[in-house]
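Below: the structure, in structure tokens.
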Amino acid sequence: MHGWKGKFLRINLSKSKAKAERYDGVIARNFLGGRGFAAKILWDELKPRVDPLSPENKLVFAVGPLTGFSLPSSGKLVVAAKSPLTGGYGDGNVGTYAAIHMRKAGYDAVIVEGKAKEPTILLVQDNQIEFLDAGDFWGLNSFETERKLREVYGKTVGVLSIGQAGENLVKFANIVCQEGRAGGRPGIGAVMGSKNLKAVVFVGSGDLSAADPKELKKLSADGYREILTKPNYAFWKRQGTMMTVEWSQENSVLPTYNYREGVFDEADAIGGFAMEKIKVSQRGCPNCNMTCGNVVKDSTRKKSELDYENVVMLGSNIGLGNLKRIAVLNRLADEFGLDAISLGNTIGFAMEASERGLIKEKIPWGDYKVVKTLIEDVAYRRGLGDMLAEGTRFMAEKIGGNSKRWAMNVKGLEISAYDCHAAPAMALAFGTSPIGAHHKDAWVISWEMKVGRESYRKKKVDKVIEFQRIRGGIFESLTVCRLPWIELGFELEWYTRFLHATTGLEITWKDLNVVADRIYALIRAFWVREYGRNWTREMDVPPARWFEEPLTKGALKGAKLSRAKYDAMLKAYYEKRGWDERGIPTKTTLMKLGLGDVAKKLKKYVKLSD
Ligand code: PTT
Ligand code: SF4
């Protein structure tokens, strides 16, 4: 097999055992890698309804057939598990040297099972696997952990670690690397913590075998060169994702005061141009010539790497308009290993609850000092922080008072940084994202602003599915960064050419779309198996706030979503996917996608439509 390594590494932490396993080439072709592999492994191997924080859950690190080759923006890795935050399938994507080293060590995926008796560091050095005592590391933040490990194993090895949030099982703890890359929003860091696994170090020295090395070399040189010619390249290097702040403000989609509004009075102070004034350097993921990590000096003169989502969720969404202070909060999130999106969401929710008198603590909007302490309390699960550590779905259940209507999550995962009072297609994208409300699968909002935001027409449903296929199905399974394509217009055809040179297979985009649909149906089956009779189409509907409370400020004052029209879009979405009126794939759809075995198992949990 070219391209793929054809091997998974299975780690049993309870027994300190490791085993390399060959897997079938059909799995590679049907699921590609990354998210596809993770979904397949978790569906096949997890007992239904396991406690996500128990040893029975499994943690998967997976990459795709392009990873490790010198190809543009291909240094990414998927981390996945059953999510403790949502109770469904959860994953995240992180740019890391671990991706490359894992492949050079010989593995397309690593499956971590069980629970170590004591805090442990897993060392994967080609085929030598060691379980190291992490006693001296437990309690350190993710930056300190990685620095210490690099001192021993070298500057260029791959390290994935958790901070205190993962250790303390915060339900939105993520996995951090390279002091500013992080992945696993739905609590994959907590799953790692529940297994007493503080860090994984990958050191790989093997070769990767490409079907056509000569062609690959040419494509690599041409691809990197092509990226440099793109008109937006220079501006991208200056601002990266931070340029989105000004765009969101102009379009009234900038989450402000717990998504009450789409504009923020101090937006200029937290935008891309403000960031440029405090920027000190730039960094990025391996194998990338777009390096979009903006490193700034924060108000304590420490370094912090800023991205759009983090700045907005820890800025306008909580009423804070000071970028240097936001940078401090952002660094804390990275050090503790807390997902910045869910963190900003839970803080915004707590601020609103405080304002309404639903909790006794005083947490004023934009109060930097209070927030800084609160973040620490979340990481250590102290006081009110302990409640925030469970996420907004839980918080709303706990404090009641109709707060569910403004608990900004879908399926338990907090919404990322786009307000949808006047963006129905983006609302549908959040509603139907396979891990809960994340923009990664179908970021249709920019397209939607161009074609007319007020419409709920079928072409919007088509666009959501088209983007979910490309981004959520294919980029997540090839584990390459989608930003060259979506931000600079690096054409999709490059990826089928890359695939041909690495695997030798003629795979068209039409074929890839089928793979994407298969992965989506499988992930949906996973959710339905977990929720059983509690699964309802309401789980694909965003929070009531966007339908019931119009914007009160900005050019779009008065705008809100129509629930009836959203429901019609959702119905059309299900029909196009071949899912029934509950949002469950029909037997015919599963069979068509080669998931007959899934249909057989799923019907034990719910009645399947034909
Ligand atoms: C991703 C989500 C995002 S998406 C951001 S900023 W973004 C936040 N980043 C966080 C962070 O940083 N620290 C932290 N403690 N929490 C964070 N939570 C948020 O997590 C990231 C880039 C970005 S920056 C984006 S859009 C793209 N995402 C990609 C993706 O998802 N898939 C893919 N194939 N390519 C992508 N390219 C871009 O990668 P999650 P990274 Mg991230 C610090 O993890 O769980 O997927 O959520 O990976 O290496 O940091 O690169 O405006
Ligand atoms: Fe990483 Fe940015 Fe490059 Fe994507 S564009 S691979 S997120 S540095």
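Counting starts at 1 for both ligands and their atoms, following the listed order. Only this structure's heavy atoms are used, side chains among them; waters, hydrogens and symmetry mates stay out.
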Would you say [X] touches ligand 1, if touching means a heavy atom closer than 4.0 Å?
{"X": "His439", "result": "yes"}
{"X": "Gln178", "result": "no"}
{"X": "Glu305", "result": "no"}

Criterion ring pair (Phe, Tyr, Trp, His ring centres under 6.0 Å) against Trp485, the qualifying member of Trp443, Phe475, Tyr495: Phe475
Could you list the atoms of ligand 1 found under 4.0 angstrom from a heavy atom of [X]?
{"X": "Glu476", "value": "30 (C), 31 (O), 32 (N), 33 (C), 34 (N)"}
{"X": "Gly184", "value": "40 (P), 44 (O), 45 (O)"}
{"X": "Leu483", "value": "37 (N), 38 (C)"}
{"X": "Val94", "value": "48 (O), 49 (O)"}
{"X": "Ala333", "value": "15 (N)"}

Side chain Thr479, main chain Glu476, donor-acceptor under 3.5 Å: no
What protein heavy atom lies closest to [atom]? Include the residue and the distance to one decimal.
{"atom": "atom 1 (C) of ligand 1", "answer": "His438 NE2, 3.5 Å"}
{"atom": "atom 6 (S) of ligand 1", "answer": "Asn310 OD1, 3.4 Å"}
{"atom": "atom 37 (N) of ligand 1", "answer": "Cys481 SG, 3.1 Å"}
{"atom": "atom 49 (O) of ligand 1", "answer": "Gly95 N, 2.7 Å"}
{"atom": "atom 16 (N) of ligand 1", "answer": "Ala340 N, 3.0 Å"}
{"atom": "atom 43 (C) of ligand 1", "answer": "Gly180 O, 3.0 Å"}
{"atom": "atom 13 (N) of ligand 1", "answer": "Asp334 OD1, 2.5 Å"}

Which residues share a salt bridge (charged side-chain N to carboxylate O under 4.0 Å, His left out) with Lys82, sequence neighbours left out: Glu530
For Glu390, salt bridge (charged side-chain N to carboxylate O under 4.0 Å, His left out) partners two or more places apart: Lys171, Arg381
Tyr259 ring center near Phe349 ring center (under 6.0 Å): no
Per-atom contact, atom 33 (C) of ligand 1, protein heavy atoms, under 4.0 angstrom: yes
Quick check: [X] and ligand 1, any N/O pair under 3.5 Å apart?
{"X": "Pro186", "value": "no"}
{"X": "Leu338", "value": "yes"}
{"X": "Asp91", "value": "no"}
{"X": "Val480", "value": "yes"}

So for atom [atom1], which belongs to [X], do other residues, nucleotides or ligands contribute more than 12 heavy atoms lying within a distance under 6.0 Å?
{"X": "Lys237", "atom1": "NZ", "result": "yes"}
{"X": "Asp222", "atom1": "CG", "result": "yes"}
{"X": "Lys463", "atom1": "NZ", "result": "yes"}
{"X": "Lys279", "atom1": "NZ", "result": "yes"}

Pairwise distance CG(Asn330) to CG(Leu323) - rounded to 0.5 angstrom: 9.5 Å
Using a 4.0 Å heavy-atom threshold (strictly under), name the region of [X] that reaches ligand 1: side chain, backbone, both or neither.
{"X": "Val176", "value": "neither"}
{"X": "Lys76", "value": "side chain"}
{"X": "Lys440", "value": "side chain"}
{"X": "Asn93", "value": "both"}
{"X": "Leu343", "value": "neither"}

Test item: side-chain donor near acceptor, Ser342 and Asn345, under 3.5 Å: no
Polar side chain donor-acceptor pair, Ser220 to Ser70, under 3.5 angstrom: yes
Pair Asp91-Arg35, salt bridge (charged side-chain N to carboxylate O under 4.0 Å, His left out): steps then yes or no: CA-CA 7 Å; Asp91 70 18; Arg35 173 179 269 180; 2.8 Å; yes
Neighbouring protein residues of ligand 2 - any heavy atom closer than 4.0 Å: Ser73, Lys76, Arg181, Gly284, Cys285, Cys288, Met290, Thr291, Cys292, Cys481, Leu483
Option set [options], criterion heavy-atom distance to [atom], minimum:
{"atom": "atom 18 (N) of ligand 1", "options": "Leu77, Asp339, Val311", "answer": "Asp339"}
{"atom": "atom 3 (C) of ligand 1", "options": "Arg482, Glu309, Met313", "answer": "Glu309"}
{"atom": "atom 44 (O) of ligand 1", "options": "Gly90, Cys288, Ala182", "answer": "Ala182"}

Glu491 vs Trp494, side chain to side chain donor-acceptor pair (under 3.5 Å): CA-CA, chis, key distance, verdict: CA-CA 6 Å; Glu491 296 77 6; Trp494 283 97; 3.3 Å; yes
Counterpart residues, ring pair (Phe, Tyr, Trp, His ring centres under 6.0 Å), relative to Tyr224 (two or more places apart): none
Geometric cation-pi criterion, Lys230 with Phe490: 6.0 Å, 45°: no
Plane angle bin for Phe235 and Phe273 - parallel if under 30°, tilted between 30 and 60°, otherwise perpendicular: tilted
